[in-house]
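Values below: every heavy atom of this structure, side chains too, minus hydrogens, waters and symmetry copies.
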Amino acid sequence: MIKIVTNKLGNFANSHFVKNHIEKCIKNPQFLTNTLLATSVSKDVFAYALRVHNTLKNDEIPKDKKSFVAKMDATTGIVTALVQISTGLLISNDKIQEKICKHLFSELKDNPKKFKQASQGFKTISVLIGATLIAKRVLVPLIASPIAGYLENKNKQNGNSK
């Protein structure tokens, strides 16, 4: 079984699709940045969907709490995806990046090639850090909790609490 999986992964890794994608990432730093952001968001969406599924199937969670926990996980997943994408797009904005990079890499202003490389690397890293840390650890908890609470209260008012 392991050999089959290894062979399939090897075939995929050496496929025309993957090779083209890697080449495109090397040639186009913006594409690389967008790919990494999309990968991070996709991973989180999948993880939260799995959490909702597991919550609903978990008999150890009291029935009166299960609905809220599932709503909280679903809301957090949706908000996480939206905030990560928004934060990533904001941070990757060329005008914002230009201002930051001119300040951070001012000693490289006489070497346009090195300045461009430093700026592109910083853009990729700052988008990932900003989208994951700022969005997931600061903004999402502030946004998702009130939304989930609102949905739970609305559900209770309609007599649909499970």
> Report yes if the side chains of Lys123 and Asp94 come closer than 4.5 Å at any heavy-atom pair, otherwise no.
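SC-SC contact between Lys123 and Asp94 confirmed.
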> Is it the case that over 12 heavy atoms from other parts of the model lie below 6.0 angstrom from the CZ atom of Phe46?
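Open.
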> Ile134 vs Leu139, test: side chain to side chain contact (heavy atoms under 4.5 Å, CB included). Steps then yes/no.
CA-CA 6 Å; Ile134 294 170; Leu139 298 175; 4.1 Å; yes
> So, applying side chain to side chain contact (heavy atoms under 4.5 Å, CB included) with Ile143, which one of Val83, Val138, Thr76 is it?
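Option passing the side chain to side chain contact (heavy atoms under 4.5 Å, CB included) with Ile143: Val83.
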> For Ser15 and Lys19, what are the C-alpha separation, side-chain angles and deciding distance, and is it a side-chain hydrogen bond (donor to acceptor under 3.5 Å, both in side chains)?
CA-CA 6 Å; Ser15 71; Lys19 287 180 181 180; over 6 Å; no
> Is there a side-chain contact between Lys116 and Gln120 in this structure, where contact means two heavy atoms from C-beta onward sitting under 4.5 Å apart?
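Side-chain contact under 4.5 Å: yes.
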> Look only at the side chain of Ser92 and the backbone of Leu89, and say whether a donor-acceptor pair between them is shorter than 3.5 Å.
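It does hold such a pair.
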> When hydrophobic residues are tied together by side-chain contacts of less than 4.5 Å, even through go-betweens, does Phe12 share a cluster with Val5?
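Shared cluster, no.
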> To check you understand the geometry: which heavy-atom pair defines the closest contact between Ala70 and Leu56, and what is its length?
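Taking Ala70 first and Leu56 second, the nearest heavy atoms are CB-CD2, 3.7 Å.
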> Run Lys24 and Thr35 through side chain to side chain contact (heavy atoms under 4.5 Å, CB included) and show every step you take.
CA-CA 10 Å; Lys24 194 170 182 180; Thr35 298; over 6 Å; no
> How would you list, by chain and number, every residue that makes a side-chain hydrogen bond (donor to acceptor under 3.5 Å, both in side chains) with Asn34, sequence neighbours excluded?
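Testing Asn34 for side-chain hydrogen bond (donor to acceptor under 3.5 Å, both in side chains), a comparison that skips the adjacent residues, returns Gln30.
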> If you look at every heavy atom in Val18 and Ala13, which pair is closest and at what distance?
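So the two residues come closest at CG1-O, 3.4 Å.
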> Side chains of Gln97 and Ser119: does their closest heavy-atom pair fall under 4.5 Å?
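They are not in contact (no side-chain heavy atoms under 4.5 Å apart), so the answer is no.
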> Could you work out the complete set of other residues in the hydrophobic cluster of Leu82, with links drawn between I, L, V, M, F, W and Y side chains under 4.5 Å apart?
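Besides Leu82, the cluster holds Ile78.
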> Could you tell me if Thr80 and Asp44 have a donor-acceptor pair between their side chains, going purely by distance under 3.5 Å?
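There is no such pair between these side chains.
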> Testing the 3.5 Å rule here: is there a donor-acceptor pair between the side chains of Thr33 and Thr124?
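The criterion, which ignores hydrogens and geometry beyond distance, is satisfied for Thr124 and Thr33.
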> Would you call the rings of Phe105 and Phe115 parallel, tilted or perpendicular if under 30° counts as parallel and over 60° as perpendicular?
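It falls in the perpendicular class, over 60°.
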